[in-house]
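First comes the structure, then the notes that go with it.
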Amino acid sequence: MKAYDQITPEMIQEDMRYLQLLAHSFPTIADASKEIINLEAILNLPKGTEHFLADLHGEYEAFQHVLRNASGAIKRKVNEIFGNTLRENEKKELCTLIYYPEQKLSLIKEQETDIDDWYVTTLNQLVMVCRNVSSKYTRSKVQKSLPNDFSYIIQELLHESTMDPNKQGYINVIISTIISTRRADDFIIALCNLIQRLTIDTLHVLGDIFDRGPAPHKIMDILCNYHKLDIQWGNHDILWMGAASGNTCCMANVLRLAMRYGNMSVLEDGYGINLLPLATFAMETYADDPCTLFGPKVDHENSTYKEKTLRMMAQMHKAISIIQFKLEAEIIQRRPDFQMDDRMLLHRIDFDKNVLLLDGNEYELKDTFLPTVDPKDPYKLTPEEQEIMEKLHHSFVSSEKLKQHMKCLFRYGCMYAITNSNLLFHASVPLNEDGSLKDVFINGKAYKGKKLLEKVGHLTRTAFFTEEENEEKQFARDYVWYLWCGKDSPVFDKNKMATFERYFLKEKELHKETKGYYYTLRNDEKVCDMILDEFGVVGTHRHIINGHVPVKTIKGENPIKNSKMMLIDGGFSKAYHSETGIAGYTLVYHSRGFQLIQHEPFTSMQKAIEEGQDIKSSTQIVEMSSQRMMVKDTDRGRELSAQINDLRKLLEAYRIGLIKERTY
């Protein structure tokens, strides 16, 4: 017997207040019945495709290409639809058009001798692709995705069959009229954008949008306007959130990373951060210093920077690094509970011997020119450094673009998400050596597992949104910096961030950052089950999906650690390509199951458009089902089933007269 057959007047009375409110939206039996029929139908559609990406690190061109081609899903659709009826180069041209319609159209119109004939062929092909990718959605959902200018026409083309001889002429006239009225270009662009949108139902970004790459601000522009999105914060995202919250340590780290990877334009052009005071100070202070150890990591052969600019960035890099070490010492001294005294190293320098004294050993410094460090008070900012940070602080907290993007991270983001039996978070859930959840003390109170991630999320929001300058906000702002580099931070979880050692000491063993126990214990399926239980994740096939640590495929590493654990550090950052041997992984979860996509490095958007060069990708089947997963099998399906149950109660209330229909 179905649940709705068991609805009693007592059950209705219990929910009467809610049902009366629901009656405002569905005032008659007909209205409630229609909605039940609609929701029941939706439950029996195939689930929408989910797209998982991680560690984008500012690589805008590679990101937007993977987004446009849906990790190869569009190419697979085109192959399925056209098979051997189109040549390989024709399918490649069609895919490129779908990815980059505006740019590809310009090239085609320069080369095509019979453009009207090309329009007819291409429009018919695009309608076939669009019909295929829209087939798993209701007409209502597709309609909401349509551009206003062409909504009616696209609906007609999608829902009228060319196999019906009575409709063939009708469809042909629509297409020929689109061409004769010179709307073909606009219509093609609209169709291509619709195909991109409908191919992916939901986008999951597992953190680290910022740093290393040249254009995280452009990525954020796309994400802030994406149709369905969630973000799990990474350590680099939290660093920027801390900077936008007014934490000067976070600002210094953001600046240092920008100089290290030669990305001044992100700060200046992307967010309007005034770097002139820092540049002037650095060029004066290090005028005679080669700053060899601080040269930016750029591709010198293809770099657009002149040598003079690269030299200035090296000087700025060194200047902000020293400022960072001083600022971090302030927090460490102010927050002894952070237990980060080992990260204060400037006072351990013997300036007479030019060595660092550490654990009874002397280590020679690779760079000994430190004119702004006073041996008697090494952590005190000079007046010039203090003035620079005050100006930078004003720039960061006043940047409207930065505020907009950070609010987007807060709106769509959190520390973790649970979706369709998958637990998503960027890096770690701190563990003890025996695999149990580790107690992490925050303000004297212990948190672990789910409660730890929730507490961390709350502190991050407090740091940004609390307007009153009180101790609660000050602690939260300090803790955001701890999240960036603290040993018990769930987005870092290493024994230290060895920035000073990597810059100033040649001993490799001192550069090592030892990962927390989570990173090895997650290979154990029992540990994964324990974590999934902790977060309340249920389902026959449940998983943990992480980013953060690049999978070194070149060394034989596998992103699938066990049946419950998948790593998808996208490896988008060019800085990692030599370590990973690839450009990382993305994950696609459609109605048939999971597919892990391994990507080769992206060449350029220009080559993709002009030569049809797609990212070379290979697909690994992770978990496939003999039966298609339907909407009723998803989280959304459970929500819809609950709505149906409420509507059936309303329907019964109407029928037995407990609630009156409003037919006027």
Side-chain angles (χ1 to χ4, degrees), residues 56-62 209-221 236 239-240 243 248 250-325 366-367 369-372 382 384-385 387-396 398-399 401-402 499 502-504 572-578 602-606:
L56 308 176
H57 283 303
E59 295 293 347
Y60 167 71
E61 285 202 357
I209 297 160
F210 288 88
D211 293 328
R212 295 197 180 96
H217 55 296
K218 292 183 180 179
I219 293 176
M220 286 302 301
D221 282 338
H236 287 268
L239 181 66
W240 279 74
T248 52
C250 293
M251 293 174 195
N253 274 279
V254 163
L255 289 160
R256 179 180 61 80
L257 287 167
M259 298 308 123
R260 181 173 175 78
Y261 292 96
N263 290 326
M264 283 201 308
S265 62
V266 174
L267 294 163
E268 291 182 314
D269 303 331
Y271 293 111
I273 306 299
N274 182 11
L275 299 180
L276 184 59
L278 176 62
T280 303
F281 168 77
M283 287 189 291
E284 290 175 354
T285 305
Y286 300 102
D288 300 320
D289 184 356
C291 295
T292 307
L293 301 178
F294 295 88
K297 290 187 174 184
V298 297
D299 182 352
H300 289 272
E301 291 184 7
N302 300 311
S303 175
T304 57
Y305 289 121
K306 296 180 180 178
E307 283 301 318
K308 187 176 180 180
T309 304
L310 292 172
R311 162 106 174 106
M312 180 185 69
M313 278 195 280
Q315 293 167 320
M316 294 169 71
H317 185 185
K318 185 172 182 179
I320 198 62
S321 296
I322 301 302
I323 291 173
Q324 174 191 314
F325 300 142
K366 293 192 291 183
D367 187 330
F369 185 68
L370 303 171
T372 65
T382 67
E384 293 85 0
E385 289 173 328
E387 184 180 1
I388 287 165
M389 289 313 302
E390 287 172 1
K391 290 179 178 178
L392 286 168
H393 183 277
H394 177 74
S395 273
F396 271 93
S398 301
S399 170
K401 186 76 167 181
L402 184 58
T499 307
R502 289 172 183 270
Y503 283 161
F504 287 98
F572 282 92
S573 176
K574 292 177 182 177
Y576 285 142
H577 290 177
S578 60
F602 182 59
T603 50
S604 72
M605 188 170 70
Q606 184 178 356

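Put simply, the side chain of Pro216 does not reach to within 4.5 Å of the side chain of Leu56, judged on heavy atoms. Two residues are said to be in side-chain contact when any heavy atoms from C-beta on lie closer than 4.5 Å; Leu402 and Met220 fail this criterion. At a threshold of 4.5 Å between non-hydrogen side-chain atoms, the residues Phe369 and Asp288 do not count as touching. When side chains are defined from C-beta on, Ile320 counts as touching Met389, because their heavy atoms get closer than 4.5 Å. Looking at Met259 and Leu275, their side chains come closer than 4.5 Å, going by heavy atoms from C-beta outward. Within the 4.5 Å cutoff, no side-chain heavy atoms of Asp289 are placed close to those of Phe294. Between Leu257 and Leu239 there is a side-chain heavy-atom pair separated by less than 4.5 Å. Side-chain contact check for Thr309 versus Met264: some heavy-atom pair is nearer than 4.5 Å.
In this structure Asp211 satisfies the side chain to side chain donor-acceptor pair (under 3.5 Å) test together with His236, Trp240, sequence neighbours excluded.
Note: Ile219 CD1 to Glu61 CD = 11.0 Å, rounded to the nearest 0.5 Å. The line from CD of Glu384 to OG1 of Thr285 is 7.0 Å long, rounded to the nearest 0.5 Å. Between atom OG of residue Ser398 and atom CG of residue Asn274 there is a gap of 11.5 Å, rounded to the nearest 0.5 Å. Taken to the nearest 0.5 Å, the CD atom of Glu385 stands 12.0 Å off from the CG atom of Leu392. In this structure, NE2 on His393 lies 7.0 Å from OG1 on Thr248, to the nearest 0.5 angstrom. Ile388 contributes atom CD1, which lies 10.5 Å from atom CG of Leu255 (distance to the nearest 0.5 angstrom).
The two residues Asn263 and Pro214 come nearest to each other via the heavy atoms OD1-CA, 3.5 Å. Taking both residues in full, the closest heavy atoms of Cys291 and Tyr286 are given as SG-CB, 3.9 Å, listed atom of the first, atom of the second, then distance. Nearest heavy-atom pair, Ala243 versus Met251, reported as atom, atom and distance to 0.1 Å: O-CE, 3.3 Å. Here the closest heavy-atom approach between residue Tyr503 and residue Lys366 is recorded as O-CE, 3.3 Å. In plain terms, the two heavy atoms of Tyr305 and Gly262 that are nearest each other are OH-O, 3.0 Å. Heavy atoms only, all atoms of each residue included: Thr372 and Thr382 are closest at O-CG2, 3.7 Å.
Ion pairing of Lys401 with Asp269 is absent here, as no side-chain N (NZ or NE/NH1/NH2) approaches a carboxylate O to less than 4.0 Å.
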**Item:** Intermediate values then yes/no, side chain to side chain contact (heavy atoms under 4.5 Å, CB included), Phe210 and Val254
**Value:** CA-CA 9 Å; Phe210 288 88; Val254 163; over 6 Å; no

**Residues Leu267, Phe396; criterion side chain to side chain contact (heavy atoms under 4.5 Å, CB included); working and verdict** = CA-CA 9 Å; Leu267 294 163; Phe396 271 93; 4.1 Å; yes

**Arg311/Gln315 under side chain to side chain contact (heavy atoms under 4.5 Å, CB included): CA gap, chis, key distance, verdict** = CA-CA 6 Å; Arg311 162 106 174 106; Gln315 293 167 320; 3.1 Å; yes

**Message:** Show, in sequence, the C-alpha distance, side-chain angles and deciding distance for His217 and Tyr60, and conclude whether the side chain to side chain contact (heavy atoms under 4.5 Å, CB included) test is met.
**Reply:** CA-CA 9 Å; His217 55 296; Tyr60 167 71; over 6 Å; no

**Request:** Evaluate the criterion salt bridge (charged side-chain N to carboxylate O under 4.0 Å, His left out) for residue pair Lys391 and Glu387; output intermediate values, then yes/no.
**Result:** CA-CA 6 Å; Lys391 290 179 178 178; Glu387 184 180 1; 3.3 Å; yes

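Checking side-chain atoms of Ser321 against main-chain N and O of His317 turns up a donor-acceptor pair under 3.5 Å.
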